[in-house]
K.L.:
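Quick one: structure below, then a few questions.
Convention: sequence-line order gives letters A, B, ...; per-chain numbering from 1.
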2 protein chains.
Amino acid sequence: MEKLFRAHLEKIITLTDEEFEYIKSHFSVMNFKRRDFLVRKGEKVTYVFWVISGLLKLNYVDDADKNHVVAFAMEDWWEGDYYAFFNQSSATMSLQALEDTQVLCMTLDSYNTLCREFHKMAYFFLEKANKGHISSQQRILELISTNAKERYDKLLNRYPVLFQRVSHTLIASYLGVTRETLSRLTAQ
Amino acid sequence: MEKLFRAHLEKIITLTDEEFEYIKSHFSVMNFKRRDFLVRKGEKVTYVFWVISGLLKLNYVDDADKNHVVAFAMEDWWEGDYYAFFNQSSATMSLQALEDTQVLCMTLDSYNTLCREFHKMAYFFLEKANKGHISSQQRILELISTNAKERYDKLLNRYPVLFQRVSHTLIASYLGVTRETLSRLTAQ
DNA sequence: TGATAATTGTGAGATTTGTCACGATTAATA
DNA sequence: TATTAATCGTGACAAATCTCACAATTATCA
């Protein structure tokens with residue numbers, strides 16, 4: 001696992017053994033069972049997570065009590081309620097394990113310390129944030145410019161493995177349509 | 001203008017006069033007339049922009065030749081084709097002035113230099129990227145969980161001034177609906 | 001100012017998507 | 001393994017949105 005995390009960091013920055021040890025000391029490992037909540041709506045958000053193994057869903061419940069999958073997070077992905085994390089406020093969304101999942105977690109204090117005392121990590125997070133911002137913008141583009149079928153095809157093409165691990169109901173929710181609509185689109 | 005930009009930076013970081021001069025030297029001022037393109041689809045992206053005065057739209061043309069407003073940018077906002085900028089590739093979108101507009105522009109070299117040699121700026125951009133990521137995620141949430149009328153109301157509520165400066169056609173495009181649909185929604 | 005372009009509203013009908021309901025199948029777990 | 005829960009497909013109908021068309025109004029700028 002440590003090797004995986006180090007490899008993850010070294011895709012963007014280079015590290016000595018000592019530097020990696022220093023970084024590692026700011027993270028802790030946590031284990032969750034399928035269906036466990038890593039973040040619960042309304043409760044204070046203490047961590048963001050890096051997925052070692054398993055699968056997470058970030059879920060939003062709207063005013064009409066409908067669920068919406070905002071994001072999935074697989075191995076090697078970061079996830080969390082970033083808004084609540086950075087504002088140290090209570091969660092607007094929930095983060096739940098869809099499989100037994102092991103994560104590294106980081107507090108805001110650790111984040112700030114790492115950024116302040118070790119500028120390589122600030123650069124690492126900057127790169128991550130930029131990429132996250134860009135991919136969010138591309139998802140917005142997809143949502144306003146393509147229909148559900150095209151979004152389905154694109155997702156299947158990019159993350160085929162997701163379709164073996166996640167129910168169609170959740171895929172539909174992520175795509176912004178009902179499961180019935182998705183079922184009909186894919187029947188053809 | 002310089003004061004505005006300094007105030008913009010100092011919302012996040014503190015600066016001495018010398019530091020601000022150093023930062024400023026990495027930006028240049030450019031002026032655009034209404035309808036001018038700051039970024040043209042297909043052409044190499046050299047800059048990202050900070051709007052001093054005026055108004056921009058970020059526009060995407062899909063495979064069916066339909067236009068989609070990805071974002072507006074008013075005074076005090078950053079905008080650009082970030083994907084193409086960071087990858088130094090050709091533009092996937094266009095950025096066009098909706099009013100006569102004055103901007104500060106920054107090259108990727110300047111960005112990298114600023115981040116490397118002046119860590120306060122890396123932190124500034126990190127904060128901006130995080131906030132951009134979060135607000136994109138919130139827009140995704142809106143797109144998958146609310147109908148056009150709710151999105152319209154929310155936008156009107158947050159940026160009332162936008163409705164005095166931008167045509168309904170463009171607002172509709174930003175909201176992901178046709179102008180006819182928006183016209184009918186707001187007639188009631 | 002006068003010609004031209006852009007914007008807006010609205011009707012009619014097609015298309016897409018949602019809602020609710022039901023039964024069949026598969027997966028989870030006590 | 002027996003029971004319960006989750007998932008999936010589909011029919012029937014409702015609601016939302018799109019498409020195309022046309023005319024009226026407003027803005028632009030040569």
Side-chain angles (χ1 to χ4, degrees), chain A residues 32-37 54-55 57 59-69 72 94 96-101 142-156 162-188, chain B residues 32-37 54-55 57 59 61-69 72 94 96-101 140 142-156 162-188:
Chain A
F32 296 91
K33 286 270 166 206
R34 181 174 155 82
R35 294 207 175 82
D36 281 355
F37 285 88
L55 181 59
K57 78 164 181 194
N59 191 76
Y60 173 73
V61 181
D62 69 20
D63 300 338
D65 267 341
K66 280 184 194 157
N67 284 279
H68 302 278
V69 174
F72 296 107
S94 70
Q96 189 180 16
L98 296 177
E99 303 171 357
D100 293 355
T101 299
E142 257 182 53
L143 284 167
I144 62 179
S145 73
T146 69
N147 60 28
K149 173 66 169 150
E150 291 175 85
R151 299 203 293 277
Y152 176 85
D153 289 340
K154 217 170 249 184
L155 186 67
L156 180 58
L162 199 61
F163 292 72
Q164 289 146 24
R165 299 171 72 179
V166 170
S167 73
H168 285 183
T169 304
L170 292 182
I171 298 275
S173 176
Y174 177 82
L175 294 172
V177 293
T178 61
R179 59 164 204 89
E180 293 94 333
T181 296
L182 184 65
S183 167
R184 281 165 189 133
L185 289 175
T186 56
Q188 292 143 28
Chain B
F32 295 91
K33 286 271 165 203
R34 181 175 156 82
R35 296 209 172 80
D36 281 354
F37 285 89
L55 181 58
K57 78 164 181 193
N59 191 76
V61 181
D62 69 18
D63 299 340
D65 268 341
K66 280 185 193 156
N67 283 280
H68 301 278
V69 174
F72 297 107
S94 70
Q96 189 179 17
L98 296 177
E99 303 171 356
D100 293 354
T101 299
I140 289 169
E142 256 182 54
L143 284 167
I144 62 181
S145 73
T146 68
N147 61 28
K149 173 66 169 151
E150 291 175 86
R151 299 204 292 277
Y152 176 86
D153 289 340
K154 216 170 249 184
L155 186 68
L156 180 58
L162 200 61
F163 291 72
Q164 289 146 25
R165 298 170 74 178
V166 169
S167 73
H168 286 182
T169 304
L170 292 182
I171 298 274
S173 176
Y174 177 83
L175 294 173
V177 293
T178 60
R179 60 164 202 88
E180 294 93 333
T181 296
L182 184 66
S183 167
R184 283 168 186 129
L185 290 174
T186 55
Q188 292 142 28

K.L.:
What is the distance, to the nearest angstrom, from the CG atom on A:Asn147 to the P atom on D:dC18?
P.N.:
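Whole-Å distance recorded here is 12 Å.
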K.L.:
What's the closest nucleotide to the A:Thr178 side chain, out of C:dT10, C:dT19, C:dT17?
P.N.:
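For A:Thr178, the side-chain atoms sit closest to C:dT19.
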K.L.:
Expressed as a whole number of angstroms, how long is the span from B:Tyr152:OH to D:dT17:P?
P.N.:
15 Å
K.L.:
Using whole Å, report how far CG of A:Asp62 lies from P of C:dG18.
P.N.:
13 Å
K.L.:
Can you tell me how far C1' of C:dT19 sits from NZ of A:Lys66, to the nearest Å?
P.N.:
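Between C1' of C:dT19 and NZ of A:Lys66: 8 Å.
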K.L.:
Select one nucleotide: of C:dT8, C:dG9, D:dC18, the one nearest the side-chain heavy atoms of B:Ser167.
P.N.:
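Between C:dT8, C:dG9, D:dC18, the one nearest the side chain of B:Ser167 would be C:dT8.
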K.L.:
Please write out the pairs of protein N or O atoms and N or O atoms of nucleotides 23-30 of chain C separated by less than 3.5 Å, giving the distance to one decimal.
P.N.:
{"unit_1": "C:dT29", "atom_1": "OP1", "unit_2": "A:Arg35", "atom_2": "NH1", "d": "3.0"}

K.L.:
Using whole Å, report how far CG of B:Asp100 lies from C1' of D:dA27.
P.N.:
15 Å
K.L.:
In terms of side-chain heavy atoms of B:Thr169, which of C:dT7, C:dG18, D:dT7 is nearest?
P.N.:
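Per side-chain heavy atoms of B:Thr169, the pick is C:dT7.
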K.L.:
Would you kindly give the NZ-to-P distance between A:Lys149 and C:dT17, to the nearest whole Å?
P.N.:
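Atom NZ in A:Lys149 sits about 12 Å away from atom P in C:dT17.
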K.L.:
Which heavy atom of B:Leu170 sits nearest a heavy atom of B:Lys57, and at what distance?
P.N.:
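Closest heavy-atom pair between B:Leu170 and B:Lys57: CD2-NZ, 3.9 Å.
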K.L.:
Establish, with yes or no, whether the OP1 or OP2 oxygen of D:dC8 is under 4.0 angstrom from a side-chain nitrogen or oxygen of A:Ser183.
P.N.:
no
K.L.:
Please find the pair of heavy atoms, one from B:Leu162 and one from B:Leu55, that lie closest to each other, and give the distance.
P.N.:
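Closest pair (atom of B:Leu162, atom of B:Leu55, distance): CD1-CD1, 4.3 Å.
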K.L.:
What is the distance, to the nearest angstrom, from the CG atom on B:Leu175 to the P atom on D:dT17?
P.N.:
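The distance from CG of B:Leu175 to P of D:dT17 comes to 11 Å, rounded to the nearest Å.
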K.L.:
So, do A:Val166 and A:Tyr174 sit near enough that their side-chain heavy atoms are less than 4.5 Å apart?
P.N.:
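The answer is no, as the side chains (C-beta and beyond) never meet within the 4.5 Å cut-off.
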K.L.:
Would a distance-only check, ignoring hydrogens and angles, find a side-chain to backbone donor-acceptor pair under 3.5 Å from B:Arg151 to B:Thr146?
P.N.:
yes
K.L.:
Using atom CZ of B:Arg184 as one end and atom P of D:dT17 as the other, report the distance to the nearest whole Å.
P.N.:
12 Å
K.L.:
Measuring from atom CG of A:Asn59 to atom CG of A:Leu98, what distance do you get when rounded to the nearest 0.5 angstrom?
P.N.:
9.5 Å
K.L.:
Can you see which heavy atom on B:Ser173 is nearest to which on A:Ile144, and at what distance?
P.N.:
O-CD1, 4.3 Å
K.L.:
Does this structure show an ion pair linking B:Asp100 with B:Lys33, if we count only N-O contacts that are shorter than 4.0 Å?
P.N.:
yes
K.L.:
What about A:Glu180: does its side chain form a donor-acceptor pair under 3.5 Å with the base of D:dC8?
P.N.:
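Side chain to base: no pair below 3.5 Å.
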